[in-house]
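Structure, as structure tokens:
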Amino acid sequence: MVVIVHNSDRVVAVEGCNGIAVNGTLLSAVREATQKAKGTIVWCHESLLPYFDRDRMEELLHHRSMLISYDAGGVFLPDALGYVEGASFVSFPRDVPFPTWRMSSYIGAVHFETMEQLLAVGVEVSSFDEFLASTCKIAQLNGLICLSEPRLLVSHDVKMPSRGTYRDLFRFVSRHHGRYWSSFLLVCLLFFEYRLLIFAFLSALRVPKHSGSCERFTPRQNSTRQVVHEGTVDVVIPTIGRRTYLYDVLKDLAAQDYHPKNVILVEQNPEPGSTSALDYIHTESWPFRIHHSFIHQAGACNARNRALEQVSSEWIFFADDDIRLPPDTLSGALNSARRYGTDGIMLNCLSVGAWNVFNSVHQTSIFGTNCSFIKRQNPMPRFDMALEFGYGEDTDYGMQLRYKGVDILYVPSPVLTHLNAPIGGFRTRFRQPWEGDKVQPKPSPTIMLVKRRHSSLEQVRGYKLVLFLKSLSALPLTEKGYLVFNFWKKWRAAVTWSSRLES
């Protein structure tokens, strides 16, 4: 293990490798270490060196396609990054391992082979912070596992200062998003923060948008972290009015090359006096135990919460009643978990006729309640009933898992099929409490609740402006003035209703 000690400006010491120049920049020292050393490369600020937990390095860096770091409270790039990074984890807790490409130069570690790949990306940068931000942003979608890892330090009493200027921010946005979004950032800073940073904006116009390729990052060996012990799986399926579709799902589960231990079905039918339509769970033989509940309360959040109360296996497969599964679904998910040492796997689930967009394993900000394998947590999170019959409950649940330290990886194969079947013959439809209001909220209050709960202030503001501009461009000129007046009323209604849902 090579440890490069620095003071932000210069390297002050190097442990574990001879011939690396002291007093040089951290970026140049890392380049030299990558050429001369074989193993783990660690960088550490001299203020954090007494707290560096060397004994946990093998545990934390448990496979080679990882890069871990911890910013100790001192981030690179201002919070205004959120205006243009709406889907990224730009704001995250510091007390649990968390997936983010916002890696830090204060303390971190990577295997030399992975650093070789990162250096080959070819982004022109002037500092190691800029190098980490740009290359990890690119490489994460190609399989690099990036984690904010607080366990690198035995104590978190030392707080480091934030670094990076608005000039750095505009350079970053120009490189990864292009000039349009640099202009958007300039407008956001002026409109929301009353900052006119025209010189920082102009200085970044010379930075071309990065168009280079990046080699895929795949572990050359399985993770040393053991996440599959018993290997048992419980399948959770809420179902409503889809008797024949569910039958096909059960048949697919019966045809698996690795069977689940339990299939937990929560059947819903809000019609008074109705009875179960799933006679085949009793009349046919199945290679797993079926736990069946029949309730008169509709709603997927409630149904999944009821099912989670019955889970007893090591792993949970969140499934839908209208998907089709290839025979290696369960074994493939568990093998991916073993290989990457992760507690969360989201499989590729495509609608009929849809094209596959992502072909490499990567950390994802999405959580699919129809295609995800999660190692059972203690306690297991529950779906928020405030989001019932709305949108965003899957996103909220995925964030609850990540706040517990679960890193969810998207795996492109095996591929599941989502049939998007209609719900059969119920006479009642759930009405949201705001449906009768004169001013209809926009966006949906449930979406607003999830945004306010899990996004930074800047991300919410950026989303607001994007939504406004999209709405404005979709209207004819004669109606644009009405939108300007009406949009803010709809937004305020969404904020008000989201607050009521949360209370």
Side-chain angles (χ1 to χ4, degrees), residues 96 225-240 242 246 249-254 256-268 276 278 281-282 286-295 297-323 325 329-338 341-347 349 366-388 393-409 411 416:
V96 295
R225 182 171 181 253
Q226 300 298 312
V227 296
V228 180
H229 300 281
E230 302 168 8
T232 54
V233 179
D234 283 357
V235 184
V236 168
I237 307 178
T239 183
I240 182 167
R242 291 172 174 168
L246 177 63
V249 176
L250 294 177
K251 281 295 187 181
D252 286 348
L253 289 171
Q256 292 292 302
D257 56 17
Y258 185 86
H259 290 132
K261 180 179 179 181
N262 303 295
V263 176
I264 304 171
L265 303 176
V266 180
E267 182 186 5
Q268 311 144 68
S276 173
L278 309 182
I281 65 176
H282 304 292
W286 304 98
F288 39 74
R289 289 193 293 271
I290 296 180
H291 300 265
H292 173 240
S293 303
F294 179 79
I295 59 176
Q297 179 179 344
C301 291
N302 174 66
R304 289 193 176 96
N305 286 339
R306 285 175 176 258
L308 287 172
E309 294 173 359
Q310 305 174 58
V311 165
S312 60
S313 289
E314 183 182 27
W315 286 80
I316 304 169
F317 175 26
F318 289 92
D320 263 359
D321 58 359
D322 62 341
I323 59 174
L325 300 83
T329 298
L330 271 66
S331 60
L334 292 178
N335 286 336
S336 293
R338 289 187 185 98
T342 183
D343 291 344
I345 294 290
M346 192 185 81
L347 296 178
C349 189
I366 303 169
F367 178 78
T369 51
N370 62 346
C371 57
S372 294
F373 284 74
I374 301 297
K375 189 171 184 180
R376 183 157 60 101
Q377 306 296 300
N378 186 24
M380 198 68 191
R382 292 294 187 262
F383 288 85
D384 189 348
M385 291 299 295
L387 304 175
E388 190 74 285
E393 79 280 356
D394 46 359
T395 299
D396 180 76
Y397 195 80
M399 292 305 297
Q400 289 187 64
L401 289 167
R402 293 181 184 94
Y403 293 152
K404 295 176 73 69
V406 177
D407 186 19
I408 301 170
L409 302 187
V411 177
L416 282 60

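Counting begins at 1 with the first residue of the sequence.
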Side chain [X], main chain [Y], donor-acceptor under 3.5 Å:
X	Y	value
E393	F383	no
R376	I374	no
S276	L278	yes
E388	N302	yes

Using the test side-chain hydrogen bond (donor to acceptor under 3.5 Å, both in side chains), find all partners of R338 that sit at least two apart in sequence or belong to another chain. N335
Between S331 and D257, a side-chain donor and acceptor under 3.5 Å: yes
Please work out whether the ring planes of F288 and W286 are parallel, tilted or perpendicular, with thresholds of 30° and 60°. parallel
So, do [X] and [Y] sit near enough that their side-chain heavy atoms are less than 4.5 Å apart?
X	Y	answer
F317	L330	yes
S293	E267	no
D234	S312	yes
L253	L325	yes
I366	M346	yes
L246	L265	yes

R304 and D320 ion-paired at < 4.0 Å: yes
Output for pair (S372 OG, D394 CG), nearest 0.5 Å, gives 9.0 Å
Out of curiosity, I281 CD1 to H292 NE2, how far, rounded to the nearest 0.5 Å? 4.5 Å
Might you work through the side-chain contact (heavy atoms from CB on, under 4.5 Å) test for I264 and I237, ending with a clear yes or no? CA-CA 6 Å; I264 304 171; I237 307 178; over 6 Å; no
Taking only residues two or more places apart in sequence, or in another chain, which ones meet Y258 in a ring pair (Phe, Tyr, Trp, His ring centres under 6.0 Å)? none
Residue list, ring pair (Phe, Tyr, Trp, His ring centres under 6.0 Å) with F367, at least two apart or on another chain: F318, Y397
Quick one, W315 with T232, criterion side-chain contact (heavy atoms from CB on, under 4.5 Å). Give me CA distance, side-chain angles, the key distance, then yes/no. CA-CA 6 Å; W315 286 80; T232 54; over 6 Å; no
Could you tell me which residues satisfy side chain to side chain contact (heavy atoms under 4.5 Å, CB included) with R225, sequence neighbours excluded, listed by chain and number? H62, S223, V227, D343
Residues passing the side chain to side chain contact (heavy atoms under 4.5 Å, CB included) test with R289, sequence neighbours excluded, are K261, N262, H291
Under the salt bridge (Lys or Arg N to Asp or Glu O under 4.0 Å) rule, what pairs show up with a residue in residues 396-406, not counting sequence neighbours? D396-R453
I need the minimum non-hydrogen distance between R382 and Q400, along with the two atoms involved. O-NE2, 3.0 Å
